[in-house]
Amino acid sequence: MVNTLGNGARTWGNALVHASEVITSEACSGGLCHELGPEQLTALTRSAPVNGATAYVVRHFGRFNFTGVSMLPPTRTFSGREMLLATGAEPFEPGLVPAIGGVLSARSVIG
């Protein structure tokens with residue numbers, strides 16, 4: 001499995017997939033330590049919306065239950081390009097991407 005971005009929407013389900021290998025870029029993996037964890041996000045969504053940021057989190061994430069989500073970090077990282085022979089995709093770290101360490105595959109770019 002390839003995590004394409006280092007945020008909870010892409011990584012918190014790793015443990016549910018039961019993949020033998022979880023692959024992502026080094027930049028994406030490094031960015032995971034800057035993200036809120038499931039417990040932190042749950043606590044934030046249950047808090048009073050005292051400012052714009054917490055109001056946004058409560059409004060957009062409050063309906064989700066992150067209790068019991070277990071974090072499974074990547075088992076393999078790469079920098080630059082890496083060929084995945086099992087799928088024939090070629091992940092790479094593009095120079096300009098809106099998220100740190102975003103991973104694209106040649107197939108997703110070509111068609």
Side-chain angles (χ1 to χ4, degrees):
M1 177 172 63
V2 177
N3 287 151
T4 57
L5 294 173
N7 62 39
R10 301 288 199 281
T11 61
W12 291 359
N14 287 352
L16 300 175
V17 176
H18 305 290
S20 61
E21 193 167 39
V22 178
I23 305 165
T24 195
S25 70
E26 288 177 7
C28 182
S29 179
L32 292 174
C33 65
H34 301 291
E35 290 281 325
L36 292 176
E39 298 82 17
Q40 294 168 310
L41 187 55
T42 297
L44 192 58
T45 62
R46 306 296 184 257
S47 66
V50 295
N51 59 36
T54 55
Y56 177 88
V57 170
V58 169
R59 184 172 52 251
H60 294 283
F61 297 99
R63 65 178 178 240
F64 299 104
N65 182 357
F66 303 108
T67 306
V69 172
S70 59
M71 301 291 289
L72 180 65
T75 57
R76 179 170 138 199
T77 61
F78 65 91
S79 180
R81 301 184 122 192
E82 172 124 344
M83 177 65 78
L84 300 177
L85 298 177
T87 62
E90 187 179 349
F92 62 95
E93 292 182 61
L96 297 173
V97 71
I100 296 173
V103 176
L104 299 174
S105 74
R107 281 194 182 153
S108 67
V109 173
I110 295 170

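In this chain, residues are counted from 1 in sequence order.
A distance of 13.5 Å separates CZ of R76 from CE of M1, quoted to the nearest 0.5 Å. Rounded to the nearest 0.5 angstrom, S29 OG and I23 CD1 are separated by 12.5 Å. Taking CZ from R46 and CG from N65, the interatomic distance works out to 6.0 Å, rounded to the nearest 0.5 Å.
V69 is connected to V57 through a chain of hydrophobic side-chain contacts under 4.5 Å among Ile, Leu, Val, Met, Phe, Trp and Tyr, so both are in one cluster. Under the 4.5 Å side-chain heavy-atom criterion for ILVMFWY residues, a single connected hydrophobic cluster contains both F66 and L36. Residues L44 and W12 are members of one and the same hydrophobic cluster, defined by side-chain heavy-atom contacts under 4.5 angstrom among Ile, Leu, Val, Met, Phe, Trp and Tyr.
Nearest approach of N14 to L72, heavy atoms of both residues: ND2-O, 3.0 Å. The nearest pair of heavy atoms linking S70 to A15 is OG-CB, 3.5 Å.
A donor atom on one side chain and an acceptor atom on the other are found under 3.5 Å apart for N51 and T54.
Side-chain N or O atoms of T24 include one that pairs as donor or acceptor with a backbone N or O of N3 at under 3.5 Å.
Contact check for T45 versus F64: no side-chain heavy atoms found under the 4.5 Å cut-off.
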